[in-house]
Amino acid sequence: PQPKEGRTLGAYAGQRMPSSDGASTDALKRFVPRGEGQRTLPGCSSWTNGKCVQTKYAYMTGGPYPELSYAAMHQEITGGKMNRGSRPVDGIELIAKRGCPLATPNLPEWFGSPRNFPADAVADRMSYRADEWEECTSVDDVISAILNMDPVNLGFWWYDSDANPGPTGHLPVRGSGGRGGHSLIG
């Protein structure tokens, strides 16, 4: 469903699997090749949403990942303000409406300032449109989604305490003074 005002995603409706089945990710390794990452742009949500589309495309077709321009998606979401962050749901709305633009020599995976979209980069973007999204509200939902080969955008807050994890290297799961957020693919 298209994201709507208020609650933007439907509840996770996939098959429930026991948490113990998530002990190994070996079966999923071939579907998650190494990527360039987000470089220095605050485009983690765009990168993660794009990786989710690529991963699901590979699962569904058995083909290779399509080369997408994460920066072009980020540019659209932020109105060209490349150093501004975005929320995962902003990317979901864009991908549901227009799809993901393909990477080309003129529109690479990542770039640091706004660019015009060449025709060859947008002609086929509707082929990489995702119109089904669900919200995982528990750890079991996340594990079940991943085990069902449904990629997950894992969003979390960064706190002031994250800048200094202390001698153990562990980051707290709660804190104060939010510094923003981050997004990873599961």
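When reading the values below, keep in mind they use all heavy atoms of this one structure, side chains included, and skip hydrogens, waters and symmetry mates.
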Review point. Mind checking what makes ring-ring contact (aromatic ring centres under 6.0 Å, His included) contact with Phe117, not counting sequence neighbours?
Key: none
Validation row: [X], [Y] side chains within 4.5 angstrom (heavy atoms):
| X | Y | result |
| --- | --- | --- |
| Arg125 | Leu102 | no |
| Arg98 | Glu76 | yes |
| Asn49 | Trp133 | yes |

Exercise for review: Applying side chain to side chain contact (heavy atoms under 4.5 Å, CB included), name anything that partners Tyr57, two or more places apart in sequence or on another chain.
Suggested key: Thr61, Pro66, Tyr128
Check your understanding: Residues two or more places apart in sequence or in another chain: which of them pass side chain to side chain contact (heavy atoms under 4.5 Å, CB included) with Ala123?
Key -> none
Closest approach of [X] and [Y], non-hydrogen atoms and distance?
| X | Y | result |
| --- | --- | --- |
| Val53 | Ala130 | CG2-CB, 4.2 Å |
| Cys136 | Ala145 | SG-CB, 4.1 Å |
| Pro101 | Met73 | CD-CG, 3.4 Å |
| Gln54 | Tyr65 | CB-CD2, 3.4 Å |

Could you state the interatomic distance from [atom1] ([X]) to [atom2] ([Y]), rounded to the nearest 0.5 Å?
| X | Y | atom1 | atom2 | answer |
| --- | --- | --- | --- | --- |
| Ser113 | Asn83 | OG | CG | 11.0 Å |
| Cys44 | Tyr70 | SG | OH | 13.5 Å |
| Glu134 | Glu132 | CD | CD | 7.5 Å |
| His74 | Ser69 | NE2 | OG | 11.5 Å |
| Ile77 | Ser46 | CD1 | OG | 3.5 Å |
| Asp140 | Ile143 | CG | CD1 | 6.0 Å |

**Study point:** Of all pairs that satisfy salt bridge (charged side-chain N to carboxylate O under 4.0 Å, His left out), the ones with a partner from residues 52-71, not counting sequence neighbours
**Key:** Lys56-Asp150
Check your understanding: Counting distance only, does the side-chain N/O of Ser86 pair as donor-acceptor with the main-chain N or O of Thr78 below 3.5 Å?
Key -> no
**Study point:** Which residues share a salt bridge (charged side-chain N to carboxylate O under 4.0 Å, His left out) with Arg87, sequence neighbours left out
**Key:** Asp90
Point to revise | Partners passing salt bridge (charged side-chain N to carboxylate O under 4.0 Å, His left out) against Arg115 (at least two apart in sequence or in another chain) | key: none
Review point. Do Cys100 and Arg129 pass the side chain to side chain contact (heavy atoms under 4.5 Å, CB included) test, and can you show the C-alpha distance, the side-chain angles, and the key distance before you say yes or no?
Key: CA-CA 6 Å; Cys100 300; Arg129 181 178 162 265; over 6 Å; no
Point to revise | Exercise: do Ser183 and Asn153 side chains pair donor with acceptor under 3.5 Å | key: yes
Check your understanding: Going through the checks in order, is the side chain to side chain contact (heavy atoms under 4.5 Å, CB included) test met by Ile185 and Val152?
Key -> CA-CA 6 Å; Ile185 185 174; Val152 179; over 6 Å; no
Exercise for review: Please lay out, stage by stage, how Val139 and Val142 fare under the test side chain to side chain contact (heavy atoms under 4.5 Å, CB included).
Suggested key: CA-CA 5 Å; Val139 171; Val142 171; 5.6 Å; no
Point to revise | Stepwise side chain to side chain contact (heavy atoms under 4.5 Å, CB included) check, Leu68 with Glu109 | key: CA-CA 6 Å; Leu68 303 177; Glu109 287 185 13; over 6 Å; no
